[in-house]
Novice: 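Take this structure, written in structure tokens, and hold onto it; I'll ask about it next.
Throughout, a chain's letter reflects where its sequence line sits, starting with A, and its residues are numbered from 1.
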There are 2 protein chains.
Amino acid sequence: MDIRALASHLGLSIGTVSRALNDRKDVNAQTRQRVIEAASTLGYTPNQSGRTLRSGRTGTVGFMLTLEHDSAVYGEPFFMALWEGVQTGLTEQGLDLVILLARKGEDGLTFLRRHVSRGTADAWLLSATQVHDERIAFLQDRNIPFVALGRSETERPFAWIDLDFEAVVADAIALFAAAGHRRIGLVAPPATINNSQIVIDCYKAALDAAGIAYDSALIHNGETDENDGESAARELMMLPDRPSALLLMGETAPVGAYRALRALGLEPGQDIAVIGLRDNPACRGLVPQLTCFTLDLEALGLALAGAVAETLAGHGTAQVSHLQRRWPMAPRIGGSHDVQKAVARFA
Amino acid sequence: MDIRALASHLGLSIGTVSRALNDRKDVNAQTRQRVIEAASTLGYTPNQSGRTLRSGRTGTVGFMLTLEHDSAVYGEPFFMALWEGVQTGLTEQGLDLVILLARKGEDGLTFLRRHVSRGTADAWLLSATQVHDERIAFLQDRNIPFVALGRSETERPFAWIDLDFEAVVADAIALFAAAGHRRIGLVAPPATINNSQIVIDCYKAALDAAGIAYDSALIHNGETDENDGESAARELMMLPDRPSALLLMGETAPVGAYRALRALGLEPGQDIAVIGLRDNPACRGLVPQLTCFTLDLEALGLALAGAVAETLAGHGTAQVSHLQRRWPMAPRIGGSHDVQKAVARFA
DNA sequence: CATGCGACCGTAAACGTTTCCGGTACTCGC
DNA sequence: GCGAGTACCGGAAACGTTTACGGTCGCATG
């Protein structure tokens, strides 16, 4: 089903048909209606390659998924809900979301270069941003619209939405402090991930605000997956003056931490208080229930879609400084009795 | 960077350049080398729309992700590992994987129709197949290559790879039986999902093989997510003659089941034996450790990529009858002492 | 030497769409 | 009645690539 076939069937020129279907000027309202109906009954769908070739627009937004980092920082259930929000947000703009994986051993830059010159998408969503992320400068240089899920240190400002790690850390430390904890262990993401420094800085600031002395030995830096949560918890618990509370800034790290604690004969929530990052399925099965933070992932996806639509409209020249926001996360109190005492703070 | 620009820079015609880059006949080996080098140094990447428009090939395989069903059938960190395998498998064929989401409220058929007529991908991967899945006949009618992750009841044969639920159920029941269990509860997926009937049939057959009487009251049919695992376990445990063992054919169902059991004062692995479907992070945090099954997701992804490449080469006329295989899952014995007795069987 | 053949390369036609540019017919204001 | 303006439509070029086709040249074969 061609546009040419459709046009000749209607006795019109292909130009008029195209204008009618694309809501452009210079076409009679009645003819437009006729065209739209015929297209619908004949089942005409414009060929995307032809469109893109001519107009330069693909009508899609690419989501760059880098498995190693993404699955370390976020979990898979994180993205499923997020994507749902992004897709519904984009649908309103007539756009579609396409999720792409880097090839094995392919670094982020060559991945982007390949897909950008190929013309896979009109705009991009980046996740798992690094502290120094060359992808951002690359896209900026080429004036390609994009929004990052996560911050990064760059010369020029760019559009991003990131989880409000500042608030998470501050709330968690305040909870611990209110429950009387003075030695609080921290498991932070590896230094290459953008939020690592933020987490550590806020950790120090929150300790200071609570009048607790800072001890660098209580910080564990590295991956934040399940296995690392286990080894990190073990290491911190083997310290001579071990912590009485643990803050784990990884999705699945608490699962490993619970295991490590029990292996050492310590019962989570009883002998030691634990707070995790996010309320995901992996943590939901933990007993006693983990204290952690929740967020509306679908709403976050919608916000990302809105931001990307805005940068797309601005076409590179957009003012992105207002497109930088921290996404709130709400605390959810679990069954750890040490933390429980502080519930009032959030009542 | 055009192919035209590249050609004129080399003093060749665009035809020759195209042939050189696409490994076609009628081009001198030396010139070909020269072209490839120039393309690399000048950073030329062919425009995909132009290619597709002319050749009709996109060089991509589409993965249709239907969130509601997928997240019910498979557990959460299922796809990430799978996709990694698919992408590496496709890379060998010069193909790329694109993952697409259905729009909100859009059913599978309109989704496919939209993307097929649009020409989004050369071949498709379907997941979460239903017992009666109209997507399959749709693709068959149009001779579009595809492979399904999951079986379905269709008139014509089609290419699929599915988890070996037969073996899972048989192994689980054998484990229970060897440990002396006579009343074994089953939590099966909803009837619309393709594996529901398979699971139930195998359950009956395995009981028969073990000389255990079948009791329909011990089967619970419905969703298999965490909440349903909870309610199903509670229901089964409230029976007058309640089961001593539970087989849960859902990814996250065991998490809810553990919760329900404890709420009834029953300790998993002590008062009741539990076996789950897959070794996912959500189940990995359970104490005592859950007995369940594992599989190599990346290898499964590779197999899917291979199958889709084969159907793509056959171009619809391919013999798909040999492209139907059940993917093996290996049992992993957890800390449930009732089941523990049967370890020898797998040593 | 004529012929045929293979290797190599250039030419040009498609693929399906958007969009600029003209052209017609009609309306409106004077 | 005439010019200007407007509404609507058709023609055709362009987007970047692949690929069928023809043409030239060199070489071997008879």
Novice: How close or far is atom P of C/dC15 from atom CZ of B/Arg118, stated in whole angstroms?
Specialist: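 It works out to 21 Å between those atoms.
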Novice: If only atom types and distance count, is the side chain of A/Ser152 paired as donor or acceptor with the main-chain N or O of A/Gln130 below 3.5 Å?
Specialist: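 Flag set: sc A/Ser152 to bb A/Gln130 pair under 3.5 Å.
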Novice: Side-chain contact test, heavy atoms from C-beta onward, threshold under 4.5 Å: evaluate it for B/Asn47 versus A/Leu53 and give yes or no.
Specialist: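 Counting from C-beta outward, B/Asn47 and A/Leu53 do come under 4.5 Å.
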Novice: OP1 or OP2 of C/dG16 versus the side-chain N and O atoms of A/Tyr44: is any pair under 4.0 Å?
Specialist: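 For C/dG16, neither OP1 nor OP2 has a side-chain N or O of A/Tyr44 closer than 4.0 Å.
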Novice: Looking at B/Thr31, I'd like to know whether one of its side-chain N or O atoms comes within less than 4.0 Å of OP1 or OP2 on C/dC9.
Specialist: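 Result: yes.
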Novice: Tell me whether the OP1 or OP2 atom of C/dT18 has a side-chain N or O from A/Ser18 closer than 4.0 Å.
Specialist: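 So the side-chain polar atoms of A/Ser18 do come within 4.0 Å of the phosphate oxygens OP1 or OP2 of C/dT18, strictly under.
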Novice: So, B/Asp141 and B/Arg156, do they make that salt bridge, N to O below 4.0 Å?
Specialist: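 Result for this pair is yes, salt bridge flagged.
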Novice: Salt bridge or not between B/Arg114 and A/Asp96? Use side-chain N to carboxylate O under 4.0 Å.
Specialist: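 A salt bridge links B/Arg114 with A/Asp96.
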Novice: Rounding to an integer number of Å, can you tell me how far A/Arg24 CZ sits from D/dC9 C1'?
Specialist: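 Going from A/Arg24 (CZ) to D/dC9 (C1'), I get 15 Å.
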Novice: Does C/dG10 have OP1 or OP2 sitting under 4.0 Å from an N or O in the side chain of B/Thr16?
Specialist: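 For C/dG10, OP1/OP2 do have a side-chain N/O of B/Thr16 under 4.0 Å.
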Novice: Checking all strands, does A/Asp26 fall into the base, sugar-phosphate, or nothing category for heavy-atom contacts under 4.0 angstrom?
Specialist: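 It contacts base atoms.
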Novice: Atom CG of A/Asn28 to atom P of C/dT24: distance rounded to whole Å?
Specialist: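 In whole Å, C/dT24 P lies 20 Å from A/Asn28 CG.
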Novice: Got a donor-acceptor pair under 3.5 Å from the side chain of A/Arg51 to the base of C/dT17?
Specialist: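 It does not, because no donor-acceptor pair links the side chain of A/Arg51 to the base of C/dT17 below 3.5 Å.
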Novice: Taking for each residue the nucleotide of DNA chain D bearing the nearest heavy atom, is the 5' side occupied by B/Asn47 or by A/Leu12?
Specialist: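 This one resolves to A/Leu12.
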Novice: Can you see if the side chain of B/Ser13 gets near the phosphate of C/dC9 - specifically, an N or O under 4.0 Å from OP1 or OP2?
Specialist: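 For C/dC9, OP1/OP2 do not have a side-chain N/O of B/Ser13 under 4.0 Å.
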Novice: For D/dG11, take OP1 and OP2 only and decide whether either is under 4.0 Å from a side-chain N or O of A/Arg4.
Specialist: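 The answer is no; no side-chain N or O of A/Arg4 sits under 4.0 Å from OP1 or OP2.
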Novice: Grab the CG-C1' distance between B/Leu53 and C/dT18 for me, whole Å please.
Specialist: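 To the nearest whole Å, that distance equals 12 Å.
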Novice: Please report the shortest heavy-atom distance between B/Ala148 and B/Phe158, naming the atom on each side.
Specialist: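 Residues B/Ala148 and B/Phe158, closest heavy atoms: CB-CE1, 3.7 Å.
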Novice: Starting at atom CD1 of B/Ile14, determine the distance to atom P of C/dC8, rounded to an integer number of angstrom.
Specialist: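 Distance check: B/Ile14 CD1 to C/dC8 P gives 21 Å.
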Novice: Taking atom types as they are modelled, is there a donor-acceptor pair under 3.5 Å from the base of D/dG10 to the side chain of A/Arg19?
Specialist: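 Donor-acceptor pair under 3.5 Å: yes.
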Novice: Could you say whether A/Arg32 or B/Ser49 is positioned toward the 5' end of DNA chain D, judged by the nucleotide with the nearest heavy atom to each?
Specialist: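 First, find each residue's nearest nucleotide; the 5'-ward one identifies A/Arg32.
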Novice: Considering only NZ, NE, NH1 and NH2 on the basic side and carboxylate oxygens on the acidic side, decide whether A/Arg57 and A/Asp122 come within less than 4.0 Å.
Specialist: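 Between A/Asp122 and A/Arg57 there is no salt bridge, as every charged N stays at least 4.0 Å from the carboxylate O atoms.
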Novice: When all nucleic acid strands are considered with a 4.0 Å heavy-atom cut-off, which category describes B/Arg57: base, sugar-phosphate, or nothing?
Specialist: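 Contact class for B/Arg57: sugar-phosphate only.
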Novice: Just to be sure I understand the rule, does A/Gly119 reach a base, reach only the sugar-phosphate, or reach nothing, if contact means heavy atoms closer than 4.0 Å?
Specialist: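 Here A/Gly119 touches no strand at all.
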Novice: Please report the distance, rounded to the nearest Å, between CG in B/Asn22 and P in D/dT18.
Specialist: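 In whole Å, D/dT18 P lies 4 Å from B/Asn22 CG.
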Novice: Rounded to whole angstrom units, what separation is found between the CZ atom of A/Arg34 and the P atom of D/dC8?
Specialist: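 These atoms are roughly 14 Å apart.
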Novice: Counting distance alone, no hydrogens or angles: does the base of C/dT18 have a donor or acceptor under 3.5 Å from a partner atom on the side chain of A/Arg54?
Specialist: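 Answer is yes: a donor-acceptor pair is held.
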Novice: If I take atom CD1 in residue A/Ile3 and atom P in nucleotide C/dA14, what distance separates them, rounded to the nearest angstrom?
Specialist: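 Taking CD1 of A/Ile3 and P of C/dA14, I get 19 Å after rounding.
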